[in-house]
Amino acid sequence: MRRLAGDDRGGIAIMTAAAGGLICALAAITIDLASLALDGRALQGAADLASLSAAQTMDRPLLAAQATVSANLDRAAATIELGRYTPDAALDPAARFVPGAADVNAVRVIATRASRLYFGRWILGRDTWVLTRSATAATLVEPPRAMFSIGSRLARLDGGVANQLLSGLTGDTVALSLMDYTALADAQVNLLGFSDALATELDVTAGDYETLLTRQIDAGRALRVLQNLAGNHADSALTKLTGPATGVTVQLGDLIGLEAGADGGIAEGLDTSVSVLDLAMAMLETGGERQAALSLGAQAGIAALDVRLAIGERPNRSPWLTVTGDGSPIIRTAQTRLYVRARTAQKLSGLAQVDLPILIELAASEARLEAISCDPRGVTLGVRPGLARATIGAIDERNLDDFTTDLSPAPATLLSVLGLVTLTGTAEVEVADPGFRTVRFTDAEIRNQTTKTLTANALAQGLIVSLVQRLDVDVRIIGLGLGLGGLVQALGALVAPLGPVLDAAINPVLDLLGLKFGEADVRVHGATCPGDGAGRPVLVG
């Protein structure tokens, strides 16, 4: 015994054996916990289906719930509670369902199932563990609601400009062809299906749209979810866009806005289709870098054309699209600034080329719900195009993306030759609408998702054309006997043809953003009335 006590050989083997036993015990427990988690998910799915089935057959809800659970899982049982569900966001989610209420509109199903233990029975002394899951479904008579969006102008697709814009928004290189953009514009996705798929991706309870809209998601991840729903036609384009969009974070509530307390029956309002390109652009515009330097290529009569774009946040965290039955929320476009610097290909009177700096500022346009009629079905929106201002003038480009700072353009130096000949000029075009104006959508226009444009103060000609026509030029000449009138006239003759060229170059950029100078585009995607989908239950918790 004394020799054994002093013998320290084999210590590692003893510790290994002890540790091995502990590892085996942990592995056994892990296997049982994973099995319980898997069985719990299956049981929750059966409870969800059972609650929907029970709510649809209120004359025999218990039989429907038990049959649905048994059909989906063996050895499972179900009990029910009848009650009333109130879709009030001011209430705690647990307090929205009241069991035993007189006016029944909801069913809570409690599903139970004994899950097998493989190794835990040696520790707990039992072969099974009883799992319990619950789900609530309600059949609600909801007030009329409409889904509408603002800023959706995709009439002119330009692959080159769109790639530069999306590259600026994502901070990565986007290389889609014009066919890719056309495929995205033509593809439609059901917004309810997309919302439910996002809920699954983010592990949010089915039907809990209130919680879903508070979540953030990587835009690349969201586009992969969208890719599974958009169909083969847009699959290739979305694959190319997913990589660059990775790293752009989007809060879903910044895309879709709900009126207060609208969560309970919102599924019907979301049950409509939107353009995949509209949805992807809104997503990246909301969460992206918001700045882009654009090269619009060679233009007739222009030697150089540089464009800088800055996109501000939508005021008051306004969503791009909303489902609502009253006048809130008001949806708004993003504030936008476009700074253009153009240099003429020809010289003015043989002196030098003319530089033309142009600042375009678009304040947020707004839209709100004014009224819904159900017989005949129709929706009236109140729309107000935002203040729009275009100026020929010089600015401090460092403040372009600071929307809290007034840029205050100074007279632009159009031409300068060694300080001997200097031409400065200014011009301004401004449009504004003081109040909301009504736009009516008929049932046919809603079904066709017709886009309507409200113009604050239509320009007789293009924006740049109007600016050039209002150009006020100051000429200073030292030591040269040139007639001032002739020089100004030569400047007008040189710059005037550039107006239509610059309008044609800038308009596709604004079109891709769903914007236009002094205009607001609105579209009603759908409208629901009491009785639509009557008897169709929805999961509420």
Side-chain angles (χ1 to χ4, degrees), residues 151 161 164-165 168-169 285 288-296 302 304-316 318 332-344 354-366 384-416 422-434 456-457 459 462-474 495 498-499 502-503 505-520:
V161 173
Q164 293 180 63
L165 177 57
L169 292 176
E285 180 187 329
E289 296 291 330
R290 306 179 188 278
Q291 287 194 69
L294 308 177
S295 175
L296 302 185
I302 299 176
L305 179 58
D306 298 321
V307 177
R308 286 191 58 197
L309 172 69
I311 303 173
E313 291 189 356
R314 294 173 186 258
N316 301 322
S318 167
R332 301 172 175 88
T333 59
Q335 302 175 81
T336 306
R337 287 172 173 172
L338 201 65
Y339 191 51
V340 181
R341 301 195 67 175
R343 180 179 298 168
T344 61
V354 174
D355 289 317
L356 193 64
I358 301 171
L359 174 66
I360 301 172
E361 296 181 278
L362 303 176
S365 298
E366 300 178 326
R384 178 169 59 190
L387 172 67
R389 180 185 295 111
T391 309
I392 293 178
I395 65 167
D396 185 348
E397 296 185 39
R398 294 172 298 180
N399 296 327
L400 187 67
D401 61 344
D402 183 1
F403 287 86
T404 64
T405 300
D406 185 2
L407 294 179
S408 301
T413 300
L414 306 177
L415 177 146
S416 179
T422 303
L423 278 75
T424 59
T426 59
E428 183 174 297
V429 173
E430 182 176 306
V431 297
D433 209 347
N457 183 15
L459 297 169
L463 170 62
I464 311 302
V465 171
S466 298
L467 268 179
V468 170
Q469 290 178 344
R470 303 183 187 195
L471 184 60
D472 183 14
V473 180
D474 180 28
V495 173
L498 301 185
L502 290 173
D503 277 326
I506 293 171
N507 286 340
V509 179
L510 297 177
D511 286 347
L512 285 167
L513 294 170
L515 304 171
K516 199 71 170 182
F517 194 83
E519 296 179 358

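For the single chain, residues carry numbers from 1 onward in sequence order. Basis for what follows: all heavy atoms, side chains included, without hydrogens, waters or symmetry-related copies.
With sequence neighbours excluded, the residues that form a side-chain hydrogen bond (donor to acceptor under 3.5 Å, both in side chains) with T405 are D402. Remark: R389 engages E361, L387, T391, E428, E430 in a side chain to side chain contact (heavy atoms under 4.5 Å, CB included) (not counting sequence neighbours). Applying the side-chain hydrogen bond (donor to acceptor under 3.5 Å, both in side chains) rule to D401 yields the partners Q291; only residues at least two apart in sequence or on another chain are considered. For D474, the side chain to side chain contact (heavy atoms under 4.5 Å, CB included) test picks out T424, R476, with sequence neighbours left out. Listed by chain and residue number, nothing satisfies the side-chain hydrogen bond (donor to acceptor under 3.5 Å, both in side chains) test with N399 (two or more places apart in sequence, or in another chain). Taking A505 as the reference, L296, Q299, L305 meet the side chain to side chain contact (heavy atoms under 4.5 Å, CB included) condition, with sequence neighbours excluded.
Separation of atoms CG (L414) and OG1 (T344) is listed at 10.0 Å; rounding is to 0.5 Å. If you take CZ on F517 and CD1 on I360, they are separated by 7.5 Å, rounding to the nearest 0.5 Å. Rounding to the nearest 0.5 angstrom, the gap separating the CG atom in L415 from the CG atom in L423 is 5.5 Å. The distance from the CD1 atom of I506 to the CG atom of L338 is 6.0 Å, given to the nearest 0.5 Å.
Residues T426 and P411 come closest through the heavy atom pair CG2-CA, 3.3 Å. When all heavy atoms of A342 and I302 are compared, the closest pair comes out as CB-CG2, 4.5 Å.
Put simply, the side chain of L407 reaches to within 4.5 Å of the side chain of L359, judged on heavy atoms. Taking the side chain as every heavy atom from C-beta outward, L498 and V468 never approach each other to under 4.5 Å. In this structure, the side chains of D355 and T413 stay at 4.5 Å or more apart for every pair of heavy atoms. Between T333 and L362 there is no side-chain heavy-atom pair separated by less than 4.5 Å.
Side-chain atoms of R343 never come within 3.5 Å of backbone atoms of A304 as a donor-acceptor pair (strictly under, hydrogens ignored). At least one donor-acceptor pair under 3.5 Å links the side chain of D503 to the backbone N or O of I464.
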Checking side-chain contact (heavy atoms from CB on, under 4.5 Å) for the pair L463/I358: CA distance, chi angles, key distance, verdict?
-> CA-CA 11 Å; L463 170 62; I358 301 171; over 6 Å; no

